[in-house]
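See structure below.
This structure is a prediction, so every number in the text was calculated from the model and none was measured. Quick note on labels: first sequence line is chain A, next is B, and so on, each numbered from 1.
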Amino acid sequence: MIDPRLLRDDPDRVRAAQSKRGLSGESVDRALSADTARRTAIAEFEARRSEQKAMGKQVAAAQGEEKQALLAQVKQLAADVKALEAAQAVAEEEWTEALKAIPNIADDEAPAGGEEDYTVIEHVGTPREFDFEPRDHVELGRMLGAIDLERGAKVSGSRFYFLTGVGAQLQLALVNMAMDQARAAGFVQAAAPSLVRPRAMEGTGFLGQAADDVYRIEGEELYLVGTSEVAMAAYHADEILDPASLPLRYAAFSPCFRKEAGSHGKDTRGIWRVHWFDKVEMFVYTTVEESYAEHQRLLAWEKEFLDKLELAYRVIDTAAGDLGLSASRKFDCEAWIPSRKAYGELTSTSNCTEFQSRRLDIRTRTADGQTTPVATLNGTLTAVTRAIVAILETHQNEDGSVTVPQALRPYLGGLETLKPISA
RNA sequence: GGAGGCGUCGCCUAGUCCGGUUUAUGGCGCCCGCCUGCUAAGCGGGUUCAGGUUAAUCCCUGUCGGGGGUUCAAAUCCCCCCGCCUCCGCCA
């Protein structure tokens, strides 16, 4: 949710932000008129209510006939108050809805436009040149006994898989390496629930345009999270965080579930795009002023992790139209994926500024003691399946074996090479 | 899944049976001031959060886990939901 005062005081800035995302100013106009209607309704209700309270005291003090007369008089007042209160609630609801429909204000630095309008910030490493015909991760995973797609489909359907043998080991190794890095950097490690209430899902902005991608539990008021960002954002809901405790940094492990609605036929091969994967996610609460520097730090930690996996990647600055509802700026780290002959997103970090904290009512205090919404940021340390794809394909050898990146070896009991168990 | 108990402004707590002089007690903590050689003690005042209004203050409204209802009037009575605790059942 954007700052209602910004909307009221500087609507043109909000309109400009909308157009940067390729959206019309219609929702801005709707929110503005809803704000006016709301304030009128509040003033009317409060005036009447004040009258009623004053009369109520007279009733309490009065006796006999005088009391009966007052009662008759105040009865109409009570009916008015009730009607005005209901009207106020409706106006309030419409205002909230209108306000929530407006995406976060994109950062001035974020490129304007849609999905294709990102800017490349930097390239790290160079895509590997193969002197043999490289295999894709599906083939490598089969040879290594690491990925079982057929049985994944049998048991759970398309876009599911089993990680077996070194595949399962690789998952635990990646998770442990991510958790160790996070702990060394001062993060609090967390294991987060994957099932959350509507409040958490709604508060993080995933029940808006992204709702189609969210699994709902039938007969329950619960959703499966697509990222532990959801649980970690709601973790401090309704709290006023001690300024001295900021930044609060969490590294959360959780399974993630995505319906991938609207991506039928896209990335159907292998484990690149799946309905379930496990992830270690960084999540930070800090002040809005500090959030911009923190965003760079999150990006640096993501790069550190990718560097340790010895991958070639580029960093892109996502365009405003591709930010999603909550983010004001987003950097994606895209690793070179040999079988795709292209860069593909491995990690992503977003600065959501006050957008989520306003919805979830998470605040801190300014130097003069006033409450103010915190900023929330998130960033992927490792999304296991995509990391595995990148590692297998990048570090494969001609015989189908895979050389384990140095940094990962301690997490695999010193294993230097993953060896095929079948041709 | 069943039975019972509980939820008050940071923490503790009065008020709930029997609705109205409650603008929700009081203590601790914290903040400001007085006093004091310094500190402590003592004394006085302040101290939920949000919204409306305002240049700002004042003021007004809401807020006793959340929502709804009864009533002229609800922390107090009724209903639903959430959470915590105790016991029983089931279970990795």
*Under 4.0 angstrom, heavy atoms only, what part of the nucleic acid is A:Arg199 near: base, sugar-phosphate, or nothing?*
nothing

*Round to the nearest Å and state the distance from A:Leu99 atom CG to B:A50 atom P.*
17 Å

*Do the side-chain N or O atoms of A:Ser50 get closer than 4.0 angstrom to the phosphate oxygens (OP1, OP2) of B:C60?*
no

*Are any of the side-chain heavy atoms of A:Arg39 and A:Trp95 separated by less than 4.5 Å?*
no

*Go through the N and O atoms of the side chain of A:Glu46 and the base of B:G62, and report whether any donor-acceptor pair is under 3.5 Å.*
no

_Students often get this wrong, so: under 4.0 angstrom with heavy atoms, is A:Arg358 touching a base, only sugar-phosphate, or nothing?_
nothing

*Quick one: label A:Glu92 by what it contacts on the DNA or RNA (base, sugar-phosphate, nothing), any heavy atom closer than 4.0 Å.*
nothing

*Kindly give the heavy-atom pair with the smallest separation between A:Thr347 and A:Leu381, and that separation in Å.*
CG2-O, 3.9 Å

*Earlier contact from the 5' end, RNA chain B, for A:Arg49 and A:Arg39*: A:Arg39

*Length of the CD-P vector between A:Glu51 and B:G62, whole Å*: 13 Å

*Can you tell me how far P in B:U8 sits from the matching atom in B:G66, rounded to whole Å?*
10 Å

*Would you say a side-chain N or O of A:Thr371 is under 4.0 Å from OP1 or OP2 of B:C49?*
no

*Specify the separation, in whole Å, of atom CE of A:Met55 and atom C1' of B:G20.*
15 Å

*Figure out the CD/P separation between A:Gln370 and B:A50, and round it to whole Å.*
8 Å

_Looking at A:Gln356, is its backbone amide N or carbonyl O close enough to the side chain of A:Thr376 to form a donor-acceptor pair, meaning the two atoms are under 3.5 Å apart?_
no

_Nearest-nucleotide 5' precedence on RNA chain B, A:Gln88 against A:Gln52_ = A:Gln88

_Pairwise C1' distance, B:C60 and B:U54 [rounded to whole Å]_ = 12 Å

*Indicate whether OP1 or OP2 belonging to B:G52 is found under 4.0 Å from a side-chain N or O atom of A:Arg8.*
yes

*If the plane angle is over 60° it's perpendicular, under 30° parallel, otherwise tilted; pick one for A:Tyr250 and A:Tyr235.*
perpendicular

*asked:* How many whole angstroms separate atom CD of A:Glu239 from atom C1' of B:A50?
replied: 17 Å

_Rounded distance (Å) that lies between atom P of B:C82 and atom CD of A:Glu220_ = 10 Å

*For nucleotides B:G5 and B:C58, find the distance between their C1' atoms and express it as a whole number of Å.*
46 Å

*Just to confirm, is there a sub-4.0 Å distance from OP1 or OP2 of B:G62 to any side-chain nitrogen or oxygen of A:Lys53?*
yes

*Side-chain N or O of A:Arg363 closer than 4.0 Å to phosphate OP1/OP2 of B:C49*: no

*With a non-hydrogen cut-off below 4.0 angstrom, is A:Arg48 in contact with a base, only sugar-phosphate, or nothing?*
nothing

*Any cation-pi pair here, A:Arg386 with A:Trp272, using under 6.0 Å and within 45°?*
yes

*Could you tell me whether the phosphate oxygens of B:A73, OP1 or OP2, come under 4.0 Å of any side-chain nitrogen or oxygen in A:Lys82?*
no

*asked:* Can you list every stem that RNA chain B is part of, counting only runs of 3 or more consecutive Watson-Crick or G-U wobble pairs with both distances under 3.5 Å?
replied: B:1-7 with B:82-88, B:10-12 with B:26-28, B:29-34 with B:42-47, B:49-52 with B:59-62, B:65-69 with B:77-81

*With rounding to whole Å, what would you report as the distance between B:U70 and B:C78 at their C1' atoms?*
7 Å

_Side-chain (A:Asn397) to main-chain (A:Gly400) donor-acceptor, under 3.5 angstrom_ = no

_Would you measure the distance from the C1' atom in B:C59 across to the matching atom in B:C81 and give it in whole Å?_
37 Å

_Between A:Phe257 and A:His275, ring centroids under 6.0 Å_ = no

*Phosphate oxygens OP1/OP2 of B:C82: is one of them under 4.0 Å from a side-chain N or O of A:Arg197?*
no

*Taking atom C1' in both B:U57 and B:U21, compute the distance separating them and give it to the nearest angstrom.*
29 Å

*asked:* Test your reading of the model: is there a side-chain donor-acceptor pair from A:Glu416 to the backbone of A:Thr403, 3.5 Å cut-off?
replied: no

*In whole angstrom, give me the gap between the C1' atoms of B:C88 and B:U25.*
40 Å

*Taking only the side-chain heavy atoms of A:Ile42 (C-beta and beyond), determine which of B:G52, B:U61, B:A73 contains the nearest atom.*
B:G52

*Between A:Thr318, A:Asp317, A:Asn104, A:Asp107, which is the residue that forms a side chain to side chain donor-acceptor pair (under 3.5 Å) with A:Arg329?*
A:Asp317

*Check the distance between B:C31's C1' and A:Asp368's CG and give it to me in whole angstrom.*
14 Å

*Check the pair A:Phe162 / A:Phe160 against ring-ring contact (aromatic ring centres under 6.0 Å, His included), numbers first and verdict last.*
CA-CA 7 Å; A:Phe162 282 73; A:Phe160 283 93; 9.6 Å; no

*Please measure how far the P atom in B:C6 lies from the corresponding atom in B:G15, and state the result in whole Å.*
13 Å

_Atom pair distance, as rounded to whole Å: CD in A:Glu221 and C1' in B:G66_ = 14 Å

